[in-house]
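Heads up: the structure comes next, in structure tokens.
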Amino acid sequence: MLDVKAILEDPEGMEAALRRRDPSLSLEQIIAIGEERRRTITRFGALRHQQKEASTQMTSKDLSPADRETLRAQLKELSAEVKALELRAKELEEEADAAALLFPNPPAPEAPDGRDASDNVVLRTWGEPRQFDWELVEHDTLGERLGILDFESARKVSGARFVLYRGLGARLERALASFMLDLHTGDHGYEEVLPPYLVLRESMVGTNQLPKFEEDAFQTAPDGLFLIPTAEVPVTNMHREEILDAERLPIKYAGYSSCFRREAGSHGRDTRGLTRLHQFQKVELVQFATPEGSADAHEALVGHAERVLQALDLPYRVMDLCTGDLGFGARRCYDLEVWLPAQKMWREISSCSNFGEFQARRASIRYRPAPGEKPRFVHTLNGSGLAIGRTLMAILENYQREDGSVDLPEVLWPFMGTRRIEAAR
RNA sequence: GGAGAGAUGGCCGAGUGGACGAAGGCGCUUGACUCGAAAUCAAGUGUGCGGGUGACCGUACCGAGGGUUCGAAUCCCUCUCUCUCCUCCA
């Protein structure tokens, strides 16, 4: 969330930064609330001080009964005034916070200017798309033919936008998760985390899914818990309202979970296949870094996600998202897009964001630079490493053979117990 | 789900209406002593907000929210969580 104090100190600067993302944003209202809150608190402090001093007079032994009564009557008035000011200050603080929660993170200065996805910048491309001299089959058709993706059963059991993996499909999901987790914990220094899939509202606010994007989340009926849309939510909130030791930073977690998304507003889009489902699995990389270390941490993190695609030998490119396409909480974001030869398109398979202190401020995650020093907000970062359904989709499309079977990337052989998924008959 | 107990600073733990941001201890930091360390002694040691260029000043916070009172860590109400026993369960 935005820092109301910082807004009051530099209104023009903050507004200019925000408008790189969306020229229609205005801070006028939040400034008015913030200033009134400040005045109210100052006056409250003064009156409260007065009240405290007068109150100690009440304890004096040489106060006559009549004087005591007079003083009591005066203090009753003062007390009411103090109470009213305190209440007002609280209201204004809540108003200011509620307003601040609805503003997106100002982009990093390095983020390229632009309005939408067409202005994103290709930073680099890795791998050579394979050449095929026969007509490729899209992954959903291929998966159904192989008997490893069962959309029909999933529709019967759960409705639209679900899949049921079976046989080697189910095993391939599990293999990919294991491979990715082993890589990140073994080579990249992450601690493996398997988090709860249901979280409190506070956690969703901490990582900025709420209050603005409530319609995107599944919520359980009587208890009000939310199904996580990404492991980012429980893993980042592990340290909510904590002050971390500087020596522990950067803290790196690789969280594996199912992810649940209502996909409100995407009706009719990506309705086929594994691309956009209400439930999918993902390995999510999360880092807590110092402000000084966060830019390097971001580069490292995207590199860790790239390693997965390289190990699977899937061609991809790295996009630097422009200011207009950045996610709500991100100040800088790199997307990895994998090449899908059957669909003949690049498709996002990982999104690696640096949130700066945006989430840390919402969730109150701080660190102490040195003993005795004041706590500062950490920087939080996260990125998919990778989305497993889309990875599986990319393997089916990139590794298919003319006879309808699918080769498996070599690194998965130990996990799969086979080198190929054979076509049925 | 039933019965009981509890929630105070980084930790332990006192405190039942005013002198309490809160005794005492532990831990931590700095200084003294020491060749150095240990031990000992002394001082310091929370977070947010508001004001001030600043040393600093003010204010709030004793699980959360409300209430009583001139005044609440302390009294009353509601909620949450934790622990113990029973029940249930993977």
Side-chain angles (χ1 to χ4, degrees), chain A residues 1-11 30-101 194-206 220 222-226 234 237-249 251 258 357-378:
Chain A
M1 69 191 288
L2 297 186
D3 180 3
V4 178
K5 206 174 178 180
I7 295 173
L8 293 181
E9 271 161 24
D10 180 21
I30 200 167
I31 289 168
I33 298 169
E35 283 178 341
E36 192 187 344
R37 169 172 172 272
R38 221 171 233 197
R39 286 194 298 272
T40 308
I41 284 177
T42 305
R43 176 145 175 79
F44 162 77
L47 286 195
R48 183 72 226 240
H49 180 59
Q50 199 182 322
Q51 181 191 27
K52 273 183 136 176
E53 295 208 319
S55 239
T56 54
Q57 284 179 36
M58 290 291 288
T59 66
S60 169
K61 293 272 189 287
D62 42 49
L63 204 60
S64 76
D67 287 345
R68 191 180 297 276
E69 273 320 301
T70 313
L71 186 56
R72 191 195 300 279
Q74 284 170 0
L75 282 182
K76 191 151 193 167
E77 268 178 51
L78 186 59
S79 172
E81 199 176 346
V82 167
K83 231 170 236 178
L85 280 171
E86 187 175 20
L87 182 71
R88 182 65 185 141
K90 203 176 203 173
E91 280 172 7
L92 287 164
E93 182 171 0
E94 279 166 14
E95 276 179 46
D97 285 347
L101 283 172
L194 199 155
Y197 293 1
L198 292 168
V199 297
L200 299 169
R201 169 172 287 272
E202 295 92 288
S203 295
M204 294 286 277
V205 173
T220 60
D223 303 299
L225 292 169
F226 290 85
N237 280 282
M238 283 165 68
H239 295 301
R240 180 152 43 85
E241 283 151 45
E242 286 185 16
I243 299 174
L244 305 164
D245 291 332
E247 310 86 69
R248 289 181 63 194
L249 301 176
I251 295 173
S258 293
E357 60 175 48
F358 189 77
Q359 293 184 329
R361 185 179 297 283
R362 291 173 159 245
S364 188
I365 307 170
R366 294 172 292 174
Y367 77 105
R368 200 179 298 281
E373 283 190 41
K374 288 193 68 117
R376 301 172 69 195
F377 288 110
V378 299

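Remember, it's a predicted structure, so these values are computed and weren't measured experimentally.
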N/O donor to acceptor pairs below 3.5 angstrom from side-chain atoms of residues 240-247 of chain A, sequence neighbours left out:
{"residue": "A/Arg240", "atom": "NE", "partner": "A/Asn237", "partner atom": "OD1", "Å": "2.8"}
{"residue": "A/Arg240", "atom": "NH2", "partner": "A/Ser203", "partner atom": "OG", "Å": "3.0"}
{"residue": "A/Glu242", "atom": "OE1", "partner": "A/His239", "partner atom": "ND1", "Å": "2.9"}

Show me the side-chain donor-acceptor pairs of residues 91-99 of chain A shorter than 3.5 Å, one per line, residues at least two apart or across chains.
{"residue": "A/Glu91", "atom": "OE1", "partner": "A/Arg88", "partner atom": "NH1", "Å": "3.0"}

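Taking A/Arg43 as the reference, A/Glu81 meet the salt bridge (Lys or Arg N to Asp or Glu O under 4.0 Å) condition, with sequence neighbours excluded. Not counting sequence neighbours, A/Glu86 has no partner by the salt bridge (Lys or Arg N to Asp or Glu O under 4.0 Å) test. Considering only residues two or more places apart in sequence or on other chains, A/Ser258 meets the side-chain hydrogen bond (donor to acceptor under 3.5 Å, both in side chains) condition with A/Gln281. Residues meeting the salt bridge (Lys or Arg N to Asp or Glu O under 4.0 Å) test with A/Arg201, sequence neighbours left out: A/Glu214. With sequence neighbours excluded, the residues satisfying salt bridge (Lys or Arg N to Asp or Glu O under 4.0 Å) with A/Arg72 are A/Glu69.
Here the closest non-hydrogen pair linking A/Val82 and A/Leu47 is CG2-CB, 3.9 Å. Residues A/Ala54 and A/Leu71 come closest through the heavy atom pair O-CD2, 4.1 Å.
Near RNA chain B, meaning a heavy atom under 4.0 Å from it, residues 83-99 of chain A has A/Lys83, A/Lys90 in order of number. Of the residues in residues 361-369 of chain A, those placing a heavy atom less than 4.0 Å from an atom of RNA chain B are A/Arg366, A/Arg368, in numerical order. Listed by residue number, A/Arg38, A/Ile41, A/Thr42, A/Phe44, A/Gly45, A/Arg48, A/His49, A/Gln51, A/Lys52 are the residues of residues 38-53 of chain A with a heavy-atom contact under 4.0 Å to RNA chain B.
Comparing the same atom, C1', in B/rC12 and in B/rG27 gives a spacing of 10 Å after rounding to whole Å. As rounded to the nearest Å, B/rG46 and B/rG21 have C1' atoms that lie 9 Å from one another.
Contacts between chain A and RNA chain B, taken as any atom within less than 4.0 angstrom of a protein heavy atom, begin and end at B/rG18 to B/rG71.
Helical stems in RNA chain B, defined as runs of 3 or more consecutive Watson-Crick or G-U wobble pairs with both donor-acceptor distances under 3.5 Å, are listed by first residue as B:1-7 with B:80-86, B:10-12 with B:24-26, B:27-32 with B:40-45, B:46-51 with B:56-61, B:63-67 with B:75-79.
A donor-acceptor pair under 3.5 Å links the side-chain atoms of A/Arg362 to the main chain of A/Leu101, judged by distance alone.
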